[in-house]
*Asks:* 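Have a look at this one before I ask anything.
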Amino acid sequence: MKDSDPKPVKKNNQPLLKMKQLADATGVAKSTILLYVKKGLLPAPVKTSPNMAYYDPLCIERIAFIKKVQVSHRLPLAAIKGLIREMDQGRDIAPLLELQSMLFGSAGETLDRDHFCKATGLSSSQMAALCRLELISPLEKNGFDDQDLAVARLLKECLDLGVAPSDLAFYPEFARQIVDREIGLREKYTTGLDFKENAGLTLELTKLARGLRPYIIDRTLTKSLLEFKGLNKI
């Protein structure tokens, strides 16, 4: 499109924005804006030619929301996308934001695969095996957070002692069974509730699950160890 051509406008007569205008207005780099579009956090631009695209002014407000949630709640883009989807349907996202924060709030900054291997000492083949078995299970592709890092270092110590990754495969196997039952429990008690009640009860059930899982597993392990070879008499 030539510079003299009229700029596309929205139905409400608000002018659409060029990439540079959007980047200047939000303080966000072009590469980040393109990532948001690719991930579905921003609406696709209006393409007037292969090299010219115009963005909805709504993107300014939406990018501000994304930045705010990333700073205040440290949520990954996948979680933020879910919040935006509910906002677009006119729903109160407060209870959902609290739930998302509990699930993802510890994620923080992430490392790519190469830097993650360097930080943990894992080789590429070890890393591949652990990811394949879901013993390391990043929330976003090629984005490893603090929790991934802590577990990977524990796994590295075990591998160095000769433990085979396949011998640990029962953890994700039984985790899936537990989570399936937890989801079934949630569906049992949230069926028929409106969005706000559903999100609120889901939050409480998630808190229960997060407290109950480690308590029961650790207590079961401790009691088993106490009964093992008379350790309870020490």
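Atoms considered below: every heavy atom in the structure, side chains included; atoms not considered: hydrogens, waters and symmetry mates. Note that this is a predicted model, so its numbers are computed, not measured.
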*Asks:* Can you list the steps and then say if Leu34 with Lys30 is a side-chain contact (heavy atoms from CB on, under 4.5 Å)?
*Replies:* CA-CA 6 Å; Leu34 293 176; Lys30 174 182 177 180; 4.0 Å; yes
*Asks:* Find out if a path of hydrophobic residues (ILVMFWY) with successive side-chain heavy-atom gaps under 4.5 Å connects Leu205 to Leu203.
*Replies:* no
*Asks:* May I have all residue pairs that pass ring-ring contact (aromatic ring centres under 6.0 Å, His included) and include part of residues 122-176, sequence neighbours excluded?
*Replies:* Phe116-Phe144
*Asks:* For Arg91, check side chain to side chain contact (heavy atoms under 4.5 Å, CB included) against everything at least two apart and list the hits.
*Replies:* Glu86, Gln89, Phe195
*Asks:* For the pair Ile84 and Ile66, evaluate side-chain contact (heavy atoms from CB on, under 4.5 Å) and give the outcome as yes or no after the intermediate values.
*Replies:* CA-CA 9 Å; Ile84 290 174; Ile66 294 169; 4.1 Å; yes
*Asks:* Near Glu173 CD, under 6.0 Å, is it more than 12 heavy atoms from other residues, nucleotides or ligands?
*Replies:* yes
*Asks:* Between Gln126 and Ile136, is the side-chain contact (heavy atoms from CB on, under 4.5 Å) condition met? List the steps.
*Replies:* CA-CA 11 Å; Gln126 289 175 326; Ile136 298 176; over 6 Å; no
*Asks:* For the atom pair SG (Cys131) and NZ (Lys141), what is the distance rounded to the nearest 0.5 Å?
*Replies:* 12.0 Å
*Asks:* With side chains defined as the heavy atoms from C-beta onward, is the minimum distance between Thr120 and Leu155 less than 4.5 Å?
*Replies:* no
*Asks:* From Tyr55 OH over to Ile63 CD1, what is the distance, rounded to the nearest 0.5 angstrom?
*Replies:* 9.5 Å
*Asks:* Does Lys67 reach the main-chain N or O of Thr26 with its side chain, forming a donor-acceptor pair under 3.5 Å?
*Replies:* yes
*Asks:* Grouping I, L, V, M, F, W and Y whenever their side-chain heavy atoms are under 4.5 Å apart, do Ile216 and Leu208 come out in a common cluster?
*Replies:* yes
*Asks:* Got a second to check how far Thr191's OG1 is from Arg186's CZ, nearest 0.5 Å?
*Replies:* 8.0 Å
*Asks:* Answer yes or no: is there a side-chain heavy-atom contact under 4.5 Å between Arg132 and Pro165?
*Replies:* no
*Asks:* Could you go step by step and tell me if Asp24 and Lys20 meet the salt bridge (Lys or Arg N to Asp or Glu O under 4.0 Å) rule?
*Replies:* CA-CA 6 Å; Asp24 289 344; Lys20 186 178 186 308; 2.9 Å; yes
*Asks:* Decide yes or no for Met87 and Phe65: does some side-chain heavy atom of the first lie under 4.5 Å from some side-chain heavy atom of the second?
*Replies:* yes
*Asks:* Nearest 0.5 angstrom please: Arg85 CZ to Ile93 CD1, how far?
*Replies:* 12.0 Å
*Asks:* Same cluster or not: Val179 versus Tyr189, using hydrophobic residues (I, L, V, M, F, W, Y) connected whenever any side-chain heavy atoms lie under 4.5 Å apart?
*Replies:* no
*Asks:* Any link between Leu212 and Ile183 through a network of hydrophobic side chains (Ile, Leu, Val, Met, Phe, Trp, Tyr) touching at under 4.5 Å?
*Replies:* no
*Asks:* Verify the neighbour count for atom CZ of Arg181: are there more than 12 heavy atoms of other residues, nucleotides or ligands below 6.0 Å?
*Replies:* no
*Asks:* Could you grab the distance from atom CG of Asp148 to atom OG1 of Thr110, nearest 0.5 Å is fine?
*Replies:* 9.5 Å
*Asks:* Using a strict threshold of under 4.0 Å (side-chain N to carboxylate O), is an ion pair present between Lys118 and Asp114?
*Replies:* no
*Asks:* Just checking Lys207: does its NZ atom have more than 12 heavy atoms from other residues, nucleotides or ligands closer to it than 6.0 angstrom?
*Replies:* yes
*Asks:* Are side-chain heavy atoms of Leu135 and Pro172 found at a separation under 4.5 Å?
*Replies:* yes
*Asks:* For Lys38, does the NZ atom sit with more than 12 other heavy atoms under 6.0 Å from it, leaving out its own atoms?
*Replies:* no
*Asks:* Would the distance check show the side chain of Lys81 and the main-chain N or O of Lys39 forming a donor-acceptor pair, the cut-off being under 3.5 Å?
*Replies:* yes
*Asks:* Measuring from Leu17:CG to Ile60:CD1, what's the distance to the nearest 0.5 Å?
*Replies:* 5.0 Å
*Asks:* So Leu133 and Leu168, side-chain contact (heavy atoms from CB on, under 4.5 Å) or not? Walk me through it.
*Replies:* CA-CA 9 Å; Leu133 293 170; Leu168 303 173; over 6 Å; no
*Asks:* Enumerate the side-chain hydrogen bond (donor to acceptor under 3.5 Å, both in side chains) contacts for residues 149-158, please, sequence neighbours excluded, ordered by first and then second residue.
*Replies:* Lys156-Asp160
*Asks:* Does Leu193 offer a backbone N or O that forms a donor-acceptor pair with the side chain of Asn198 under 3.5 Å?
*Replies:* no
